[in-house]
Each structure stands twice: as C-alpha cells, then as structure tokens.
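Heads up, the thing below is written out as structure tokens.
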Amino acid sequence: MNYYEVLGVSKTASQEEIKKAYRLLARKYHPDVNKSDKDAETKFKEVSEAYATLSDPDKKAQYDAVGHDAFTSSGQGYNFNNMNFEDLKNFNFGGFSMDDILGGLFGGGRKKRRASSNGEDIHYKLRVSFSDVIHGKVCEFDLNRTKSCPKCKGEGGARIPCPVCEGMGYTKGGAFGMERCKHCNGAQTIPKNQCTVCGGKGVVHVTEHIRVNIPAGVDASSKVRLAGKGNAGLNGGGDGDLIITPIIETHPIYTRNGADLSLTVDIDIFEAALGAKITVPTPYGPVNLNIPPATQEGQKFRLKGKGIPRTRGGGVGDLYVLAHIIVPKLTKDGDAARLSEIKAHYPEPDREKLLKRGAV
C-alpha cells in the first residue's frame, strides 16, 4: 500500500489537494453511508491512516524519505486497523478532529439545525446626472429585497431531522458515492410546522426606501456599497450587501476623460488672427478666457480646477477648451475684394514640399 495511491494524489500534491482528496474518499466510505459493508469500513480506515501521515509535514517528510514499508515497520506511522470509530473521530489531525475536517459527517457531530448561509448581494444600477457627478447628491429609491422573517426569526418554523438522510444532509449517489439530500436540500432538517408568515422559507419580501450618498466624481467603474442592505441570510447568516453602480448621463457639450473635461468653442477667423477675450461655460459657471493672436485650429487652452472632483482626494481635474475656427461666408458686396487685398500682404502656403512628399 502507498499512501499517495490510497488518496489518489501525486507526491507533489499540496496540503489543500490532499485534504480535498481525503474528504471525498472519507465521504464515499463513511460507515453511516455503508453500514453493512465491511470493505468500505476497511477503506475508510485506510484513507484516514494515509491522511494522518500526509497531512503532518514532519511525518510526510519521513515517509517520503524512507518509503512506505520502512516507515510503517519502524513504528513511525499510524495503524488505524484496531481503532473503533469513536477513537477514530476524535483522533488529532494537526489540532483538528476528523469530525472537524469532514464537517460533521460522524454521528456524534451531526448538526440538527440547518447550516447558515450569507444572503446574496443585490446589484443595482442608478442613473446619475452630470450635475450629480460634479456636486454629489443624496439619492433615494425603493428597493425590493428579502429580510429575515420577523415571526420565526428566519427559522421557517419548528424543524425536525430530515427522515430521508437522517439529519446527515447527504444520501448515497453521485460521482463520489454521496450527494446532497434532495429532500432537505442538504439542510439536515425539514419544517415540522411551517411559519404562517414566510411559509417556512425564513425570509419575507419587502420594499425598503433607500437613501444613499453618491459622492462627487463617480464614474461608470465606481461602486457604492451599502453593507447589509442586500438579501437576507439564512439560519443566522449575514445579510448581503447592496452594490450600486452609477449609470452616468452624458452632457451635451462636455466630454469627460477621467477627472478632466474638454469643451470645443467656436471662434471666427478674426478672433483667431487678432486675439480676443471670450466668455466660456464651465460646470461651475462662466469664466473669461483670453484667445491669443494667431490662434490655430484645435489649439488647446487649460482652465485649471474646472473639471471633475477626484473621488479619492487630490483636488479637481481641469477643463480644456479647444478652439474651432469658423470661416465666414461672404455675403456682402466688396467682402471678397477686401479680403483679397489683405491676402496680398501675406505669402501663400508653400505646398510644393507636400506635393513632392506625396508622390509614390
């Protein structure tokens, strides 16, 4: 016999893999599941003996060094053949009993109450305006969720051990010889007298009014978590959380890039050529902006601190104003002549280099 072969793991298996293999095999050969099968009892002791050695780092190192026969014959190992199940279940596996490892599979460790489970989180999408992103806002809405039944305190009513699995939570079947009991769904107990309020479920559906502070600066990747505002846990398990994802409304003139904003402003050719002082909008109110002479198309001007607040501190982003030069249509007599006269004072663009570089 080789302990690694008994558990079906390799010599390089981690402690977690060894433990997982043992749990599966111990469930398969457990005496409560195979009450009249002596071979199963022998296999159960074998896998327990193998786990006792391989779960102990010092014993495992000795076992790997000298091999199975030398290890067992020297008296360094364990021999579970003559143990009864009461001794076996109380055996110390590195500070844990076998019942601890198997999660209450032994008769003495059966739990007659349902295992607790935490409630599910609720994911809620909340529409947030651009103004709310700038200034923050306390939002309110109604939420449908489950809460622990106030009458039965989440128990579902008086309960008795499941008669199908005898309070074990599992029955024969499945890939490893055992599967969750279909009658109690693994809960180990069933209702004797169902609660008249929740119908034995332990939870009730409610509509709750929620108030939540949406901080300034949130974006589509932000999450606002309200602890305990999700669905109710079962049998003493904690309530889930409410996780709010903001859906940010776009703005008609501002474009967002992180904490910065950009804005395109039209200026005419005369303002671009001569320079001008113009008034531009910002999320915090209009401000004056100096357009310098000879401004070019797409030229960018920075307004510091006029962007979006940063949610984790660090101040406020900036607003970048991009110049878009508007060429006027000539509608009055003499306009073309006057512009041609001005044009004559300036050299034409040199496009010869462009033509040469564009040849293929």
Side-chain angles (χ1 to χ4, degrees), residues 103 111-162 164-165 167 169-170 179-252 256 258 283 308-312:
K111 296 180 180 179
K112 299 304 181 183
R113 62 185 303 276
R114 293 177 293 173
S116 64
S117 60
N118 292 332
E120 294 181 348
D121 293 337
I122 296 177
H123 294 267
Y124 188 90
K125 294 182 179 180
L126 180 65
R127 189 166 294 277
V128 176
S129 71
F130 183 81
S131 177
D132 297 338
V133 172
I134 297 297
H135 304 292
K137 183 180 180 181
V138 175
C139 296
E140 302 185 34
F141 57 91
D142 290 329
L143 177 72
N144 295 321
R145 59 184 291 247
T146 59
K147 294 187 72 173
S148 181
C149 176
K151 182 176 181 180
C152 68
K153 309 301 181 184
E155 289 294 328
R159 305 185 70 85
I160 59 175
C162 174
V164 174
C165 66
Y170 60 88
E179 63 183 0
R180 178 182 292 182
C181 176
K182 293 182 174 62
H183 189 65
C184 67
N185 197 31
Q188 302 177 340
T189 62
I190 61 171
K192 179 181 179 182
N193 297 310
Q194 287 189 350
C195 173
T196 57
V197 173
C198 66
K201 296 179 179 179
V203 298
V204 293
H205 291 270
V206 298
T207 300
E208 185 170 338
H209 191 69
I210 301 294
R211 284 172 54 90
V212 57
N213 178 46
I214 300 298
V218 295
D219 58 26
S221 66
S222 300
K223 305 290 182 186
V224 180
R225 182 182 293 267
L226 297 183
K229 291 299 183 180
N231 285 320
L234 297 177
N235 313 308
D239 291 351
D241 297 337
L242 172 60
I243 302 172
I244 299 171
T245 300
I247 305 301
I248 311 298
E249 295 180 354
T250 59
H251 194 274
R256 181 175 183 175
I308 295 175
R310 296 182 175 89
T311 54
R312 297 181 181 178

Closest heavy-atom contact between K229 and L143? O-CD2, 3.7 Å

Stepwise side-chain contact (heavy atoms from CB on, under 4.5 Å) check, D219 with R256: CA-CA 10 Å; D219 58 26; R256 181 175 183 175; 3.6 Å; yes

From K182 NZ over to C162 SG, what is the distance, rounded to the nearest 0.5 angstrom? 12.0 Å

To the nearest 0.5 Å, atom CD1 of I243 lies from atom CG of D121 at 4.0 Å

Give a yes or no answer on whether the side chain of R145 reaches the backbone of G230 with a donor-acceptor pair at less than 3.5 Å. yes

Is it true that atom CZ of R127 has more than 12 heavy atoms of other residues, nucleotides or ligands lying nearer than 6.0 Å? no

If I compare all heavy atoms of N144 with all of I122, which pair ends up nearest, and what's the gap? O-CD1, 4.0 Å

Taking all heavy atoms of V204 and all of S148, pick out the closest pair and write down the distance. CG2-O, 4.4 Å

With Y124 via ring pair (Phe, Tyr, Trp, His ring centres under 6.0 Å) - residues at least two apart: F141

NE2-CG distance between H205 and N231, expressed to the nearest 0.5 angstrom: 8.0 Å

Output, in order, the C-alpha distance, side-chain angles, deciding distance and verdict of side-chain contact (heavy atoms from CB on, under 4.5 Å) for H123 and T245. CA-CA 7 Å; H123 294 267; T245 300; 5.5 Å; no

Rounded to the nearest 0.5 Å, how far does NE2 of H209 lie from CD of E140? 3.5 Å

Keeping the roles fixed (side chain from D239, backbone from G119), state whether a donor-acceptor pair exists under 3.5 Å. no

Might you work through the side-chain contact (heavy atoms from CB on, under 4.5 Å) test for I308 and I134, ending with a clear yes or no? CA-CA 6 Å; I308 295 175; I134 297 297; 3.8 Å; yes

So how far is it from C198 SG to K147 NZ, rounded to the nearest 0.5 Å? 14.5 Å

Nearest heavy atoms of S222 and P246, plus distance in Å: O-CD, 3.2 Å

Looking at F130 and H251, what are the two nearest heavy atoms and their distance? CD2-CD2, 3.5 Å

Working to the nearest 0.5 angstrom, can you tell me the gap between S129 OG and I214 CD1? 10.5 Å

So which heavy atom on G233 is nearest to which on V203, and how close? O-CG1, 4.4 Å

